[in-house]
Structure formats: C-alpha cells, structure tokens
Amino acid sequence: MKTSFIELKGRKRAQALLDINTFEEILDPFDRIESPHLPAQGIVPESDDGVVIARGTISGQPAVILSIEGSFQGGGIGEVSGSKIAGSLEHVLKDIQNGKKIIPVIIFDTGGVRLQEANYGLLCISEIQSAIVALKRHVPVIGLIPGNVGCFGGMSITAALCSTLIITETARFGLNGPEVIEQEAGIEELNSRDRRLIWDTIGGRSRFETGLVDQLVEDDIPAFKKAIIKAVTEPDTISRTRQIEHYLSIISQIDLSVKNTKTDFIELNKKKKTEVKAVLENKPVEGKGRTWFTILTEGASSISEYPSLLVADTQFEGKLTRFIAVVPNEANRFPRARRGEVGLVEGWAIAKYVRQAIDEDAHKADKRNIVAIIDVPSQAYGYHEELFGIHYACAAGVDAYASARISGHSVTGFIVGNAISGAFLTHGMQASRLIALNDPSINIQAMSKESAARITKRTIAELEKATQKVPAMAYDVASFNALGPLDALVTITDTTHPDSADIQKVSAALGKAVHKADDTLNQRLETPNAINQGRVYSRLVRTKIGEQWN
C-alpha cells in the first residue's frame, strides 16, 4: 500500500523524508518564536509560524529540509517564517563554503506572501531567493510541490529557481492564483471556476508535460525519497532560468490571436530556436520610469530590442553603469503587460541584458554598475502568462540580478514609482542597495488592495485600518522605509518633472549607493531602521538559528 505524503502535516513530511533517527529540529515550537504581527489583527499565531527546519540525512547524505505548513495561513510567508527559511539557507551556504556538503530541500505548500504581513513577506522571499541562487553554485537545491495549497505568488518564483522541482499530479504551480487573475483581469481572461482549464494550465501533470518541472511523482513517501536521491545523483543540467534565448524564442512564436493550450506549449518547446522574431511595435507611454531613465542616461538610446525594456550603458559618477527600466508600451503584444507590468517578455529580457553585462565583464577587475529603475505596477495577470510560465520569466530576472551581485557587480534599485508584488521581486528586490523618492503617490506592496481584500476576506477599509497596527501592510514608501530596506529616501520638489537641483540631489544619493558592491542582501538587516524597529524578528530568528546550528 502507498503511504501518502500529501496528507502529512509539514513536520511529519520532513520526518518522513529523513533517515530514521536523524531528525533534528532547529527553532522548534518550544522556542516560541511567533509572529508578532498576527495577534494585533486578531489572528492566533503558531509557535513555529508555519515553517519547520529539520536537519538529518537522506540515504546517508546530510540534508536540511525546510517544510512549509500549508494549513497555517495558507502557507503564507511572513517575517518569522520567511526568516527561518532564509536564515537556514544562509547557514547551509556557510557550511558548504567551509567544506561540508549539505543538500537543501524545500517543501512548498504556499500561497506566497502572507498578506497580513505583506512587505515583510516580499523582503524575506527576496532573501530566500538570494540564498538559493548562491547555493546553486555549490549543490543542487531541491524543491517539492506535493499538493494541498500548491505553490503560488512570490514563492512560485522561488521554486522556479530550484535546481530540481518534483511535483505530484494533484499540485498546482503558478505565479498568480486563478481567483487573483479573475479579480485583476476579468472572468473572460480566466474563469476561476473552470476546474479543467485550471488543471490543464497550472496543474502538476501539465507543468511536467510542458517541461516546467523535472519529475512527476505519485503521492507516496518512497516515491518522493527516490526522486530526491535521483535529483542529487544525476548530472547537473542548465537551469531553466538561464535558458533565456530558448524561452524568448518560444514567446516570440506564440500566436496570441487564439487561446493557446498546453499542447501548443509542448510543440513550441520541441522546436529549435527560431531566428524569426515577432514584430514588436512601440507605442511609448510617458511615465516616471522612462523619465528617470532618460535623465540618468542623459538621453542615451536603448540597446534593448524590446520596447517595454529600456537598457543603456553610460558613465555615471565616474564609472560605466548599465541602467534598466521596465516601461509602458501600449502596443505590447501581450495586452496584460501594456501598463509597465513585468510579463513574459520583460522578465526574460531583463535576464538577457543583465547576463550580457555579467558575461562581458567576466574577466574584468572593474565591473560595471547595474541600476534598476523601478516603476512596476505588478506582474502581468493573464491566462497566456500563466500557461507559458511567467514565474520562470520572473525567476530568470531574479537569478540574473542576484548572479550579477554575487559576481562582483554593484546592483542598485532606484524606486521612482510603484513597486508591486512579483514585478518588484523580479526588478529591484535583488539589489543590495535600494533608494527611493519620497513621493506619497508611490505604492510598495505585495498585491493590489482589491485582490488583497478578496484573498484575506476583508474590505479595503478593514485592510487600511490594519496598516495602522502593522506598517508592513501599508502601501506608502515611508512605511516601507520604516522596515529598513532603504539606504536613502530622497525628497525633491517634483518627482515627475525634476529640475536641475532635484536631479543633482538624486544623483548624489544614487552615486553613494552604487559605489557599494555587496554580494549578499544582509546589509538590509543592518540599517538603523532595521535594527531599531523594522527587522527585529528577522534578526532574532537568525540569531537563534545560529545559536542552535552548531
């Protein structure tokens, strides 16, 4: 008889995978490190905050399992749970760098960011992603998506970064949940009640057949163990997030006049890379991203072949700097990415031009700076985006920016407009230094208010009231700054039409940031705001893990 893995709770899943009598839990429930942000909203916290850190061996190989409990807050990632995962992966990396091989395994049963902690979730997910990119240089990072909740939101981007993904037929794997797409784009775009369509788009078997996961397994504990061992012992393959030209080629061949199916995706996947490019029309729309790109590059022409992504190299503060901005294009082939959203093209194109800089500077002692100019209203919410793996396009951007930072490039994010959800994770959150304009019109958050209200079953008024108790739920840039991620919050007279004094002030702040090349995101935890109030529990969790790790 088969022994179900899906039916087990998070802790039991970790125990089931590890060799008998090797299970050791770090920061277990008796340590009582709970989310401090949930009780203020009338939500009962969990003593492990829905994440289990388990050490042991799998077939004799040292391993660390990070198991997300989907039954607590939908497996949503908050400050404590996210810091448990990020902090553990950071310790695994240190051990590996000291000569000890450890295999990290992440069990994804998550809807993504815990909306009751919103921007804490975004920050922690970006830190988890940074650790995965660094770890993949040394060992395979294995992801399991068993089922129940599935894997969505920012954590789907995280899963897409893994070296190997193992899934069951009853699991779902996509960036935007069907209900959110329906909320944002309408029922004609995706009917969240059409179950057959949903499973054919984001279900486990569909993801396997379209090549977006590596192994499809039965719901059986031995099957999962066998799949993990296979992932550890098989030769390395080129990560999907680095197969940039392959996926850009697929995207260029999609016939958007019809509703494609997984069969169309499978056929396009089989084709060799085509040199035939889709006709890309450009109907530019003014916006802060375009404005500041033009100012900072002194009007340089974009080298990007994609109208919705501006890329230029120019001298800035005495050093060659690559500026990158996602901008609106009313003629974008993909209708859901016309207002400056990060869609399929934009995610893969970001990866292309960041990796171009990495490759060109690989053997140079002095590597160019990279600056992401950030004004992104969200990722693209659309059926075709989900079918063709927008979470992989986003993950490619994440991988590229993190790799640039690890390779010695200074990577800085400059927030001039909105910075929302998966778009911000893709374009900006892997910057080791962030500065922002002190502009009350800027929104920084994990999801639009309308969708957040629907998912959390609250009214917008109730959401806004909760932000008074939990600043991480707020949308304004000042509240984001209070969490500690910003190096500078720059106040100028006009953020849309800046004068020479405004430009000089921004250039000075940005110049100070780009001269700092950090290979990790750890400095975010060391700012005065982070230490004094913003990341107290993020720091505490890492301290406690460190005390117990050795």
Derivation of the salt bridge (charged side-chain N to carboxylate O under 4.0 Å, His left out) call for Lys288 and Asp375: CA-CA 7 Å; Lys288 291 180 182 177; Asp375 182 13; over 6 Å; no

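- Within a 6.0 Å sphere centred on CD of Glu298, heavy atoms belonging to other residues, nucleotides or ligands number 12 at most.
- No side-chain donor-acceptor contact under 3.5 Å links Asn119 and Gln445.
- Rounding to the nearest 0.5 Å places CD1 of Ile251 at 6.0 Å from CD1 of Ile254.
- For the atom pair CG of Asp518 and CD of Gln523, the computed distance is 5.5 Å after rounding to the nearest 0.5 Å.
- Side-chain contact check for Arg290 versus Pro284: some heavy-atom pair is nearer than 4.5 Å.
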Would you please test Arg535 and Glu127 for salt bridge (charged side-chain N to carboxylate O under 4.0 Å, His left out) and show each step? CA-CA 13 Å; Arg535 300 297 298 278; Glu127 291 152 15; 3.0 Å; yes

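- Side chains of Asp502 and Thr493: a donor on one and an acceptor on the other come within 3.5 Å.
- Between the OG atom of Ser126 and the CE atom of Met429 there is a distance of 4.0 Å, given to the nearest 0.5 Å.
- Expressed to the nearest 0.5 Å, how far OG1 of Thr426 lies from NE2 of His391 amounts to 12.0 Å.
- Counting only N and O atoms by type, the side chains of Arg322 and Thr314 include no donor and acceptor under 3.5 Å apart.
- For Arg207 against Leu387, the heavy-atom pair with the smallest separation is NH1-O, 3.3 Å.
- By the 30° and 60° cut-offs, the orientation of the rings of Tyr392 relative to Phe173 is perpendicular.
- The closest side-chain heavy-atom distance from Thr412 to Ile370 is not below 4.5 Å.
- Using modelled atom types and a 3.5 Å distance limit, the side chains of Asn329 and Ser308 yield no donor-acceptor pair.
- For the atom pair CD1 of Ile358 and CZ of Arg368, the computed distance is 10.0 Å after rounding to the nearest 0.5 Å.
- In this structure, Arg433 pairs ionically with Asp487, as a charged nitrogen and a carboxylate oxygen lie closer than 4.0 Å.
- Of all the heavy atoms in Pro140 and Ser163, the pair that sits closest is CA-OG, 3.4 Å.
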Validation: residues 85-94 side-chain donor-acceptor distances under 3.5 Å, sequence neighbours left out:
unit_1: Ser88; atom_1: OG; unit_2: Lys84; atom_2: O; d: 2.7
unit_1: Glu90; atom_1: OE1; unit_2: Arg542; atom_2: NE; d: 3.1
unit_1: Glu90; atom_1: OE2; unit_2: Arg542; atom_2: NH2; d: 3.1

Residue pair Glu281, Arg333: steps toward the salt bridge (charged side-chain N to carboxylate O under 4.0 Å, His left out) verdict: CA-CA 8 Å; Glu281 297 182 8; Arg333 287 181 66 233; over 6 Å; no

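- In this structure, a donor-acceptor pair under 3.5 Å is absent between the side chains of Asn529 and Thr527.
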Side-chain donor-acceptor contacts of residues 505-515 below 3.5 Å, not counting sequence neighbours, with atom names and distances?
unit_1: Lys505; atom_1: NZ; unit_2: Thr491; atom_2: O; d: 2.8
unit_1: Ser507; atom_1: OG; unit_2: Ile503; atom_2: O; d: 2.9

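- In this structure, a donor-acceptor pair under 3.5 Å is absent between the side chains of Arg524 and Ser538.
- Ion pairing between a basic and an acidic side chain is recognised when a charged N comes within 4.0 Å of a carboxylate O; Arg336 and Glu184 show no such pairing.
- In this structure, Trp348 CH2 and Ile250 CD1 are separated by 9.0 Å, a value rounded to the nearest 0.5 Å.
- A distance below 6.0 Å separates the ring centres of Phe265 and Phe388.
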Output, in order, the C-alpha distance, side-chain angles, deciding distance and verdict of salt bridge (charged side-chain N to carboxylate O under 4.0 Å, His left out) for Glu360 and Arg355. CA-CA 8 Å; Glu360 290 177 356; Arg355 289 206 174 275; over 6 Å; no

Verdict with reasoning, Ile324 to Val354, per side-chain contact (heavy atoms from CB on, under 4.5 Å): CA-CA 9 Å; Ile324 303 174; Val354 173; 3.6 Å; yes

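- Side-chain contact, Gln129 with Thr158: a donor N or O sits under 3.5 Å from an acceptor N or O.
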